Amino acid sequence: MSNLSVLRTYAQTSPSKLPPSVLFSSTSTSMTVFDAFPKAIFHFLILPRIQPPFTTSELSNLRTLLKGDKERAKEVITALNEDAKTLHKEIEEEMMARYGFKWGICTGFHAVPSMNHVHLHVISDDFCSDRLKNKKHYNSFHPKLGFFISLDEVLSWFEATPSYYSSMIKLDEKQYEPILKEDLVCWRCHKSMKNIPTLKAHLQEEWETQARREKAKLAK
DNA sequence: GTTCTAGAAC
DNA sequence: GTTCTAGAAC
């Protein structure tokens, strides 16, 4: 099995077949899995299951889904949104239990994904992880650069004019790929970082500062 | 997507 | 000399 299709193989099997090291939870229409290479303390993927009337190819990625039937696409994205809300609560409970405070969670899609099958990232905004190793990893999740497209943003496209919808769903690789090569900038304080090790140390400090602040607030 | 590593950057 | 990045291979 290719690395690039592993999510597709998950999405077309029964959740009961997946080991607990992979599967976090599931519903009749989706499954939530642990990202195999988490880029933050919490990092999950929500996958729509492949079952009639949906086909493997239309669920290949966000672009193929959105260029198909708009109502069907909206149905899939709306269902993912419901699952994401549930997952948010569960992550926040775990944040409190393990760390004693809550912090931000980013929910969205990569404009140009590397793996087959639609997957919604649900990732905590610390971006502190041994698995975050290069510029592409970081820039692909940076909330402001544009490569990471929030779920709310995608939902808003359905309410926009048809011409706006059709322009946004192009998700052209040539437009988005250069973002991954942009200079490293802290998404919180906007400072430029000279390299990955410096950025990682800075992100760790930012998160620890937030931890101290939030815990002090809760102790009052 | 990751791993490996040559050569650039320091 | 060591650290770090980026592209090829998988």
Side-chain angles (χ1 to χ4, degrees), chain A residues 1-13 15 17-24 26 30-50 56-66 76 80 83-84 87 105-143 145-151 154 171-187 191-206:
Chain A
M1 180 213 312
S2 164
N3 304 352
L4 279 54
S5 291
V6 63
L7 301 181
R8 177 176 284 165
T9 68
Y10 293 163
Q12 60 200 1
T13 57
K17 299 263 172 60
L18 296 179
S21 57
V22 170
L23 186 74
F24 176 71
S26 65
S30 76
M31 39 183 103
T32 299
V33 300
F34 297 97
D35 191 293
F37 297 90
K39 304 304 189 294
I41 296 173
F42 295 94
H43 188 179
F44 297 89
L45 304 175
I46 308 181
L47 319 174
R49 292 174 62 180
I50 300 173
T56 303
S57 58
E58 81 179 312
L59 291 173
S60 193
N61 57 53
L62 185 64
R63 183 179 50 78
T64 58
L65 177 63
L66 295 176
V76 172
L80 292 176
D83 296 333
L87 181 57
I105 299 168
C106 300
T107 303
F109 301 93
H110 282 160
V112 183
S114 298
M115 286 187 289
N116 285 319
H117 198 71
V118 174
H119 52 286
L120 176 67
H121 288 275
V122 179
I123 182 169
S124 54
D125 68 12
D126 49 273
F127 305 117
C128 294
S129 166
D130 289 347
R131 291 337 208 332
L132 196 155
K133 295 181 176 179
N134 59 44
K135 183 181 272 189
K136 179 173 175 171
H137 290 156
Y138 178 69
N139 283 352
S140 72
F141 288 105
H142 191 299
L145 289 186
F147 191 91
F148 188 83
I149 304 175
S150 78
L151 177 61
V154 176
L171 296 171
D172 176 36
E173 191 174 329
K174 285 202 181 66
Q175 183 191 334
Y176 287 97
E177 287 289 343
I179 295 174
L180 299 175
K181 302 193 172 189
E182 287 181 19
D183 291 346
L184 296 170
V185 174
C186 173
W187 72 272
K191 275 186 199 138
S192 286
M193 296 289 139
K194 72 170 189 290
N195 56 34
I196 285 286
T198 309
L199 171 74
K200 285 171 66 82
H202 176 78
L203 290 172
Q204 184 70 36
E205 266 184 50
E206 287 273 19

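In what follows, chains carry the letters A, B, and so on, assigned in the order in which the sequence lines appear, proteins first and then strands, with residues in each chain numbered from 1. These values consider heavy atoms only, across backbone and side chains, with no hydrogens, waters or symmetry-generated copies. Owing to the predicted nature of the structure, the values given are computational and were not obtained by experimental measurement.
The nearest whole Å value for the distance from the CG atom in A/Asn116 to the C1' atom in B/dG1 is 11 Å.
The nearest pair of heavy atoms linking A/Leu180 to A/Asn139 is O-ND2, 3.2 Å.
Using a 4.0 Å heavy-atom distance criterion, A/His117 is classed as making no nucleic acid contact.
Checked against a 6.0 Å centroid threshold, the rings of A/Tyr138 and A/His142 count as neighbours. Taking the centre of each ring, A/Tyr10 and A/His119 stay at or above the 6.0 Å mark.
For the atom pair OG1 (A/Thr198) and NZ (A/Lys191), the distance works out to 12.5 Å, reported to the nearest 0.5 Å.
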Base versus backbone protein contacts along nucleotides 2-10 of chain C [heavy-atom cut-off under 4.0 Å; B, S, -]:
--SS-S---
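Classified by interplanar angle (parallel below 30°, tilted 30° to 60°, perpendicular above 60°), the ring pair A/His110/A/Phe148 is perpendicular.
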